[in-house]
K.L.:
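Before I ask anything, here is the structure I am working with.
For clarity, every value in this text was computed on a predicted model and none was experimentally measured. Scope of the values below: all heavy atoms of this structure, side chains included, with no hydrogens, waters or symmetry mates.
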Amino acid sequence: MNLVVNGDAESGPGGSATPVTSVTGWTLAQGAPALVNYSLGGGYPTPSDPGPAQRGSRFFSGGNSPHTSLVQDLDLPADGPTGRAAVDSGQVSYALTGWLGGYLGQEDGVRLTAEFRDAKGMPLALSVLGPVTAGERSSRTALLERRAHSTVPPGARTARVRLDFTRAGGTSNDGYADAISLVLTTSNTPGGRA
């Protein structure tokens, strides 16, 4: 089960390149993102551009701000197969996934992070994905899948998921993101390796 709420930009206001002041499931920490329809055109990613095979109708964009940040603070399960006892014995793994990209040869981009924290909010581990460079996209408008996986650190009780969009030039922040997920699974042996 994906712990991230609205990781696909499908819920709440949006649908155009106009920045929004709130995003369902996310806290707006800086700037103003846009939740853009793939059908909008005008240089934005389209359904035929590289991106998630099972994409919805919208994706995240950095809007017009030089820097835009969206944050979710997630409680990890207390009980069950991925609950605290399993985490503390090193038997829970995570997969952080996101489709990240940008516009043509521009270096605007987005970074996706997941920071695992203990009960007092102290950081225990950090995974960082992106930004995807224009070179990695072959100077095409595209979103490319990026993944990280590891063992959830013992003592972790929450995870902070963050999208940071950065404008390198121009007037639009053309960092793009879609299909953001954080999924926990159990492994058969301590240390998260099956």
Side-chain angles (χ1 to χ4, degrees), residues 2-20 23-26 28-72 74 94-115 126-149 159-183:
N2 185 5
L3 298 179
V4 176
V5 176
N6 195 28
D8 55 8
E10 295 299 311
S11 298
S16 72
T18 303
V20 296
V23 179
T24 301
W26 296 85
L28 184 55
Q30 185 175 357
L35 281 62
V36 182
N37 278 341
Y38 278 105
S39 62
L40 184 64
Y44 287 100
T46 68
S48 61
D49 287 320
Q54 301 298 322
R55 68 186 89 188
S57 63
R58 303 191 309 188
F59 61 91
F60 296 101
S61 163
N64 299 332
S65 304
H67 189 85
T68 296
S69 296
L70 297 171
V71 177
Q72 277 191 39
L74 307 169
Y94 70 90
L96 175 67
T97 306
W99 286 78
L100 311 176
Y103 174 71
L104 295 177
Q106 292 183 358
E107 291 295 345
D108 296 6
V110 58
R111 185 178 63 211
L112 169 62
T113 59
E115 181 179 72
L126 176 70
S127 283
V128 179
L129 301 176
V132 172
T133 67
E136 291 172 299
R137 293 183 279 105
S138 300
S139 294
R140 290 185 63 183
T141 297
L143 288 89
L144 304 179
E145 184 180 34
R146 294 294 182 257
R147 298 178 61 93
H149 63 281
R160 172 169 281 185
V161 175
R162 186 175 178 113
L163 284 169
D164 288 296
F165 301 82
T166 302
R167 182 176 74 202
T171 56
S172 294
N173 185 333
D174 290 310
Y176 307 135
D178 199 0
I180 306 304
S181 67
L182 179 64
V183 176

K.L.:
Indicate yes or no: at least one non-hydrogen side-chain atom of Trp99 is less than 4.5 angstrom from one of Phe59.
P.N.:
no
K.L.:
Answer yes or no: does atom NE2 of His67 have more than 12 heavy-atom neighbours from other residues, nucleotides or ligands under 6.0 Å?
P.N.:
yes
K.L.:
Whether the side chain of Asn37 engages the backbone of Gly15 through a donor-acceptor N/O pair (distance < 3.5 Å, no angle test) should be reported.
P.N.:
yes
K.L.:
OG/Ser11 to CH2/Trp26 distance, rounded to the nearest 0.5 angstrom?
P.N.:
12.0 Å
K.L.:
State whether the side chain of Arg137 and the backbone N or O of Leu143 hold a donor-acceptor pair below 3.5 Å, judged by distance alone.
P.N.:
no
K.L.:
May I ask you to test the Leu163-Ser69 pair for a side-chain heavy-atom distance under 4.5 Å?
P.N.:
no
K.L.:
Would you name the heavy atoms of Gly175 and Asp108 that are closest together and state the gap between them?
P.N.:
N-CB, 3.8 Å
K.L.:
Closest heavy-atom contact between Leu74 and Leu3?
P.N.:
CD2-O, 3.4 Å
K.L.:
Mind checking whether Tyr176 and Thr141 have side chains closer than 4.5 Å, heavy atoms only?
P.N.:
yes
K.L.:
Could you list all the salt bridge (Lys or Arg N to Asp or Glu O under 4.0 Å) pairs where at least one residue sits in residues 160-169, not counting sequence neighbours?
P.N.:
Asp73-Arg160, Arg111-Asp164, Arg162-Asp164
K.L.:
Any side-chain to backbone donor/acceptor pair from Asn2 onto Leu182? Under 3.5 Å, distance only.
P.N.:
yes
K.L.:
Are any of the side-chain heavy atoms of Asn6 and Val4 separated by less than 4.5 Å?
P.N.:
no
K.L.:
Between the side chains of Tyr94 and Ser127, does any donor sit under 3.5 Å from an acceptor?
P.N.:
yes
K.L.:
Indicate the atoms forming the closest heavy-atom contact of Tyr38 with Arg55, along with that distance.
P.N.:
CE2-NH1, 3.4 Å
K.L.:
If we only count heavy atoms from C-beta on, is the Phe60 to Val110 side-chain gap below 4.5 Å?
P.N.:
no
K.L.:
Would you say the side chains of Glu107 and Thr133 form a donor-acceptor pair under 3.5 Å?
P.N.:
no
K.L.:
What are the two closest heavy atoms between Ala17 and Ala34, and how far apart are they?
P.N.:
O-CB, 3.6 Å
K.L.:
If I compare all heavy atoms of Glu136 with all of Arg146, which pair ends up nearest, and what's the gap?
P.N.:
OE2-NH2, 3.4 Å
K.L.:
Would you check if the side chain of Glu10 reaches a backbone N or O of Ser57 as a donor-acceptor pair within less than 3.5 Å?
P.N.:
yes
K.L.:
Quickly, which of Thr113, Leu112, Ile180 forms a side-chain contact (heavy atoms from CB on, under 4.5 Å) with Leu129? Name it, please.
P.N.:
Leu112
K.L.:
According to side-chain hydrogen bond (donor to acceptor under 3.5 Å, both in side chains), who are the partners of Gln30, at least two apart in sequence or on a separate chain?
P.N.:
none
K.L.:
When you measure from the side chain of Asn173 to the backbone N and O of Phe165, does any donor-acceptor pair fall under 3.5 Å?
P.N.:
yes
K.L.:
Supply the atom-to-atom distance His149 NE2 to Leu96 CG, rounded to the nearest 0.5 angstrom.
P.N.:
11.5 Å
K.L.:
Is there a donor-acceptor pair closer than 3.5 Å between any side-chain N or O of Ser181 and the backbone N or O of Val183?
P.N.:
no
K.L.:
Tell me the closest heavy-atom pair linking Leu28 and Pro33, and the distance in Å.
P.N.:
CD1-CD, 3.4 Å
K.L.:
Are the side chain of Thr68 and the backbone N or O of Gly62 linked by a donor-acceptor pair below 3.5 Å?
P.N.:
yes
K.L.:
Drop me the distance from Leu35's CG to Thr18's OG1, to the nearest 0.5 angstrom.
P.N.:
11.5 Å
